[in-house]
Amino acid sequence: MLGITMVNIRLLRESDRPDVLEIARHTWDGYDYIPFFFDSWFKDESSHPVGIEFDGHIVALANLRVIDDGQTGWMEALRVHPNHRGKGLAVALTQYVVQVAKNIPVNRVRYTTAIGNATSLHLGETVGMTRKFDLAIHWQDNPAEISWHFSQRPMLEVTANDVYDDLIAAELLPYDTIIYDWKGIDATLDGLKKINSIAQFWVQKHEEETNSFSLGFAREDKSGSQWIFTIYAADTTGFLDHLSHHIHKASELKCTSIFVTYETRYTDVLSSLDWVKIDEDEDWALTLLELVL
Ligand SMILES: CC(C)(COP(=O)(O)OP(=O)(O)OC[C@H]1O[C@@H](n2cnc3c(N)ncnc32)[C@H](O)[C@@H]1OP(=O)(O)O)[C@@H](O)C(=O)NCCC(=O)NCCS
C-alpha cells in the first residue's frame with residue numbers, strides 16, 4: 001500500500017527547508033502558509049515538526065504544536081508531495097503525530113480543516129477524532145474596492161486583559177475556543193494574550209456587557225498581505241459592524257485580500273451583500289476536530 005518499503009518518519013531539521021518549500025510550492029497553488037512558519041518551528045520548543053524521508057528527501061510533513069498551557073496538541077501543516085500522495089503517508093504521519101502527542105503527554109489533539117477537504121476529514125476519523133463545531137469562512141481580493149460601509153454601534157479596541165472576563169460571560173465562543181487563521185486556542189487569559197501579541201481586538205458593548213468581539217491582523221502572503229479576521233457577534237448588526245470595520249482596516253493597510261472566519265448563522269447575511277463574490281469551488285466553512293487522549 002505504502003509503495004515505500006520502510007516509512008522513515010523523523011523529526012524535521014532546518015536543513016529540510018528546500019524539500020519542505022518544494023512541497024509548499026505544490027500546495028494550494030503555491031499559496032501555502034508553511035514558508036512563513038517553517039523557521040518558527042525550530043525556535044519554538046512547543047513545536048514538534050516531523051516528516052517522512054524517501055530517497056534522501058522529505059516527501060511528507062506535519063507539525064504538532066503544544067498549546068493551551070500544555071493541554072492541547074495542535075495538529076497542523078500536514079502535507080504530502082503530490083508525487084507521493086495516495087500511498088498512505090498522510091495516514092502514517094497522522095497516527096505518528098497522535099503518538100507523539102500521547103508521549104508528551106497532552107490531554108487532547110485538535111486541528112481545523114475545510115469541511116470540503118474529505119481526505120483531511122477522513123484522516124481525522126482514522127485516528128478517532130470527531131467534529132466539535134464549524135465556522136464559516138470567506139476570502140476576497142481587493143478590499144480597497146469595497147465601498148460598502150456599515151456602522152450602527154461604536155467599536156472599542158481592547159486588550160486581552162480588558163476583554164477576558166466579559167468574553168467568557170458573553171458566551172459568544174463555541175467551546176470557549178477562539179479561531180484565528182485556521183488555528184484554535186482556548187480563550188483563557190494566557191491564550192488571549194498570545195493572540196493579542198499578533199492581533200488587535202475589538203468589542204461592542206450593550207449596557208456594559210460585551211455583545212460582539214472580533215480580532216484581526218495582517219499576514220504576508222504570496223501576492224502581498226492578507227487581512228485575517230474573526231467575528232463573533234450576538235446579532236446581525238454586530239456582525240455587520242465588525243465586518244465593515246475590518247474591510248476598512250484592510251483597505252487602510254493596503255492589504256490585497258481578506259480572509260474572514262465567522263459564525264455559520266451569518267452566511268446568508270454575508271452572501272446577500274452586493275460586493276461579496278463567492279467562488280462556487282470555495283470552501284464555505286472550516287471545522288474543528290478533536291480527540292481526547
Ligand atoms: C490531504 C493529504 C495530506 C493526503 O495525503 P495522502 O498521502 O495522499 O493521503 P493517504 O494516502 O495517507 O490517504 C488518505 C486517506 O484518505 C482517503 N481518501 C482519499 N481521498 C478521499 C476522499 N475524497 N474522501 C474520503 N477519503 C479519501 C484515502 O482512501 C486514505 O484513507 P484509507 O487509508 O482509509 O484508505 C494530501 O493530499 C495533501 O498534502 N493535500 C494538500 C494539503 C492538505 O489538504 N492538508 C490537510 C489539511 S491541512
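We count ligands from 1, going down the list as the structure has it; atoms in each ligand are counted the same way. Residue numbers start at 1 and run along the sequence shown. What's counted below: heavy atoms across the whole structure, side chains too, no hydrogens, waters or symmetry copies.
Where the criterion is an N or O separation shorter than 3.5 Å, residue side chain and backbone included, Thr119 meets it with respect to ligand 1. Remark: ligand 1 and Leu123 share no N or O pair separated by less than 3.5 Å (distance only, no angle test).
For ligand 1, the atoms lying closer than 4.0 Å to a non-hydrogen atom of Gly88 are 10 (P), 11 (O), 12 (O). Short contacts between ligand 1 and Val91, defined as distances under 4.0 Å to a heavy atom of the residue, involve ligand atoms 12 (O), 13 (O), 33 (O). Each of the following atoms of ligand 1 lies closer than 4.0 Å to a heavy atom of Lys87: 11 (O). Close approach of ligand 1 to Gly86 (heavy-atom distance below 4.0 Å) involves ligand atoms 6 (P), 7 (O), 8 (O), 11 (O). Listed by number with element, the atoms of ligand 1 under 4.0 angstrom from any heavy atom of Leu89 are 7 (O), 12 (O). For ligand 1, the atoms lying closer than 4.0 Å to a non-hydrogen atom of Arg79 are 39 (O), 42 (C), 45 (N), 48 (S).
A salt bridge links Arg79 to Asp32: one of the charged nitrogens lies within less than 4.0 Å of a carboxylate oxygen. Between Asp39 and Lys43 there is no salt bridge, since no side-chain nitrogen of the basic residue lies less than 4.0 Å from a carboxylate oxygen of the acidic one. A salt bridge links Asp235 to Arg153: one of the charged nitrogens lies within less than 4.0 Å of a carboxylate oxygen.
At a 4.0 Å heavy-atom cut-off, ligand 1 does not touch Ile23 at all. Contacts between Ser120 and ligand 1 below 4.0 angstrom, taking non-hydrogen atoms only, involve the side chain exclusively. Looking at Thr113 against ligand 1, only its side chain comes within 4.0 Å, counting heavy atoms. Of the heavy atoms in His122, only side-chain atoms (C-beta onward) come closer than 4.0 Å to ligand 1.
At least one heavy atom of Trp28 sits closer than 4.0 Å to an atom of ligand 1.
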Step-by-step salt bridge (charged side-chain N to carboxylate O under 4.0 Å, His left out) determination, Asp181 to Arg219: CA-CA 10 Å; Asp181 193 19; Arg219 179 159 63 68; 2.9 Å; yes
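His245 has its ring centre less than 6.0 Å from the ring centre of Trp202.
Under a hydrophobic-cluster definition in which Ile, Leu, Val, Met, Phe, Trp and Tyr are linked whenever side-chain heavy atoms come within less than 4.5 Å, directly or via other members, Ile231 and Val158 are assigned to different clusters. Taken together through direct or relayed side-chain contacts under 4.5 Å among Ile, Leu, Val, Met, Phe, Trp and Tyr, Ile198 and Tyr164 form part of one hydrophobic cluster.
Ring geometry, Trp182 versus Phe259: the interplanar angle falls under 30°, so the pair is classed parallel (tilted spans 30 to 60°).
Cation-pi geometry between Lys132 and Tyr111 is not met: the NZ or CZ atom fails to fall both under 6.0 Å from the ring centre and inside 45° of the normal.
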